[in-house]
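To start, the structure itself, in structure tokens.
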Amino acid sequence: MKYFVFRNFTIEPFFKGMNVEFSGYEDVSRFDETADRFIWFYLPSCKCDDETVANEIENYGRMLDWVSGQTDKMLLVFTMERIFKENFQIIDDRVDRAIRVYNDKIRQFSNRKAGVKLVDISDFYQGFSRSDLIDWKYYYISQMPLNPKLAGSFREWFQRQVETIEQKRKKCIVLDLDNTLWGGVLGEDGIEGIQLGEDYPGCCYRFFQEYLLELGRNGIILTVCSKNNEVDVLSAWNDHPEMVLRKEHFVAWRINWKNKADNIKEIATELNIGLDSIVFVDDNPTERELVKQLLPTVSVPDFPGNPYLFSPFSCFLTRNYFRAYRLTEEDTTKVKQYKDNVERVRSRGQFVDFESYLKSLEIELSIELMDEFNIVRMAQMTQKTNQFNLTTRRYTETDIREFVTNGGRVWGLRVKDRFGDNGLTGLMIVTINQGEAMIDSLLLSCRILGKNIEDIFVRYTLSLLKLEGIRTIHAMYIPTVKNGQVKDFYDKIGLRLVENKEGTCYYSGDLSELNLSLSKIYKLKNNER
Amino acid sequence: MKDRIKEVLKKVFELDEVHDNISQTTCAKWDSLNHLNLIVELEDEFNVSFEPEDIAEMKSLDIIEAKLNRLV
């Protein structure tokens, strides 16, 4: 990944170790087309004359206008904060105002253009005292308004920002109960005896529950793994007057005396998510150690030593695991979807045969082409989908846009049934070259698997290609540790295996010979354009 | 002392081996930007703060050692 950085001061040490090139100071004339991503990182100068500083900032804004219009590639734009303040009059806010306008502009850009990503510098600054942010010696000998001694922390922080932008956040939190969601031990102290409520330390646990509720609203799946009697917990959830998180907030739970590593594995299977999407929170260091040892891909943060440290602990959880750059509609409704799924699995038991079960779901599929509304979600799906993913190619919004520009097709699939709307949960990218089509990517979110939806999605899109006059279709399967379940997918569709090169299977087929008839079980809508 | 300075030089300039006579004129990677990185790392390693006049002069292992000897 190559970066090109627009800057107005010496900031090289902050990006050391990355593949990066720098513009001249305040130079926007040169545009490195070979870069994959651009960074805009301007700092306010430390001059005495506020009028000059404010004018400079206004000018930076205009330069940014121009730069952002030059590219559709990802542009990471740093907000600005004032480090040095001279103010001869307390009420004079010329510079602050200029910075506010500048930051507002960045926010608007990032809302309007999918490629522009805001990087909030104040999030980095808040870890340091004002006086640490600048070392005047380096400012004067090397033109550095930001202390080079912070470079190491900056790189770590910036890496996390990039990961957040790339949507690499965790999906699920597994919580212990006793001394984690409330103080004390439910089995010994009883409902009346546990600490939860207005007084210390009950108020700290209450805070933590409120934080978790907020996590749930932000699309993180809340689950429980606790050594307790399930009946005790169910009645505490139901009857404790101060309980914030109740039964309906948890998508799954394992309340038993079995070992927690096995329980967590079961939860992952039930939700159909990977262990590396899970964060495990438990006050007991032995349990944490066990999970670390047996399930090394699960994230296990240290638990705070005192209940009054839940606030910084919550900040830590958000910053390290759960922060999203921007939530899509799918993210925020995900918890409901996972719950709906559990319902679906339950109702499955009532039917004799699979087909009548599928019929009863009243599944509605709709297919749409890429547009400005679904592109964020599409890129996100390529980043996050591991199991039903034939090639596991990760794409940015810019990459996806390029497929369309180059004459390819990018189809999204929405799935609805009588239990709820799953949103955009399928994606197929097809490139077209000299009348022959190639499936570059095919993926479905695990939420909708098990209903043969993948089958109809592919048959339908292929029939659309056939209608356009395309005859030959190529496809491939690239194996990963996680996508074994789709190994034979193209064989089942009826494509011919052409070559198997170290596990990567190449297929092709003739669209006029393939069976593209669609099952009548599903209601199908074409929402192209 | 000398060995510790050499370790810093190795790290900043990404070298496998550092000779006793290393200086800005003999080392291609010792440009002005890396000089700055070097000063930052030395200040960190020895917990000292150099004056700008010293920083401008510290362009060989010998001089760095001499300046450090006066400070620690």
Side-chain angles (χ1 to χ4, degrees), chain A residues 2-27 30 32 39 41 43 45-46 83-84 124-125 127-159, chain B residues 1-19 22-72:
Chain A
K2 187 179 171 192
Y3 289 87
F4 184 81
V5 185
F6 294 98
R7 50 81 184 260
N8 61 341
F9 280 105
T10 307
I11 49 170
E12 281 88 337
F14 295 92
F15 296 92
K16 204 180 168 200
M18 286 168 54
N19 180 6
V20 59
E21 254 198 71
F22 294 89
S23 74
Y25 300 115
E26 291 186 32
D27 177 5
R30 196 170 73 86
D32 186 348
I39 293 173
F41 189 11
L43 293 153
S45 67
C46 303
I83 300 175
F84 169 70
F124 174 67
Y125 289 169
F128 303 93
S129 76
R130 281 280 112 169
S131 53
D132 285 339
L133 290 177
I134 191 158
D135 182 325
W136 291 104
K137 179 174 71 190
Y138 290 107
Y139 178 71
Y140 285 110
I141 65 175
S142 303
Q143 283 287 303
M144 301 194 69
L146 202 51
N147 187 348
K149 300 234 158 93
L150 305 184
S153 325
F154 178 91
R155 288 194 292 264
E156 244 172 64
W157 170 82
F158 182 64
Q159 200 47 47
Chain B
M1 167 84 85
K2 202 177 213 115
D3 287 338
R4 270 170 82 196
I5 303 173
K6 280 182 167 181
E7 284 308 310
V8 176
L9 288 164
K10 271 193 216 167
K11 183 176 148 198
V12 174
F13 300 146
E14 292 164 335
L15 299 171
D16 297 328
E17 204 51 59
V18 166
H19 289 290
I22 187 170
S23 73
Q24 192 166 45
T25 43
T26 62
C27 176
K29 290 211 171 128
W30 200 328
D31 57 17
S32 59
L33 201 61
N34 262 337
H35 188 61
L36 172 73
N37 288 330
L38 175 64
I39 300 301
V40 171
E41 291 295 330
L42 286 170
E43 289 190 341
D44 223 34
E45 170 72 24
F46 293 96
N47 199 16
V48 293
S49 179
F50 300 110
E51 288 305 313
E53 293 76 7
D54 292 328
I55 294 174
E57 291 172 26
M58 292 164 60
K59 301 203 162 162
S60 73
L61 177 53
D62 289 339
I63 305 175
I64 290 171
E65 194 181 8
K67 298 282 183 195
L68 267 172
N69 271 326
R70 279 193 301 153
L71 284 172
V72 290

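Chain letters run A, B, ... following the sequence lines, proteins first, then strands; residues in each count from 1. This structure is a prediction, so every number in the text was calculated from the model and none was measured.
Note that the CE atom of B:M58 and the CD1 atom of B:I5 stand 8.0 Å from one another [nearest 0.5 Å]. Note: A:L150 CG to A:I134 CD1 = 10.5 Å, rounded to the nearest 0.5 Å. From A:L133, atom CG reaches atom CZ of A:F84 across 14.0 Å, with rounding to the nearest 0.5 Å. Between the CZ atom of A:F128 and the CD1 atom of A:I83 there is a distance of 11.5 Å, given to the nearest 0.5 Å. Atom CZ in A:F14 sits 12.5 Å away from atom CZ in A:F9 (nearest 0.5 Å). The CG atom of B:L15 sits 11.0 Å away from atom CD of B:E7, with the distance rounded to the nearest 0.5 Å.
Across B:S23 and B:T25, no two heavy atoms sit closer than the pair OG-OG1, 2.9 Å.
Chain A is approached within less than 4.5 Å, heavy atom to heavy atom, by no residue from residues 61-72 of chain B.
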N/O donor-acceptor pairs between chain B and chain A, cut-off 3.5 Å:
unit_1 : atom_1 : unit_2 : atom_2 : d
B:E43  : OE1    : A:Y138 : OH     : 2.7
B:E43  : OE1    : A:K149 : NZ     : 2.6
B:E43  : OE2    : A:K137 : NZ     : 2.4
B:S49  : OG     : A:K137 : NZ     : 3.2
B:F50  : O      : A:K137 : NZ     : 2.7

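Contact of the A:L43 side chain with the A:I11 side chain is registered, since non-hydrogen atoms from C-beta on lie closer than 4.5 Å.
Both the backbone and the side chain of B:I39 have a heavy atom closer than 4.5 Å to some heavy atom of chain A.
In terms of the ring pair (Phe, Tyr, Trp, His ring centres under 6.0 Å) criterion, residue partners of A:F15 (sequence neighbours excluded) are, by chain and number, A:F154, A:F158. A search for side-chain contact (heavy atoms from CB on, under 4.5 Å) contacts involving B:D3 returns B:K6, not counting sequence neighbours.
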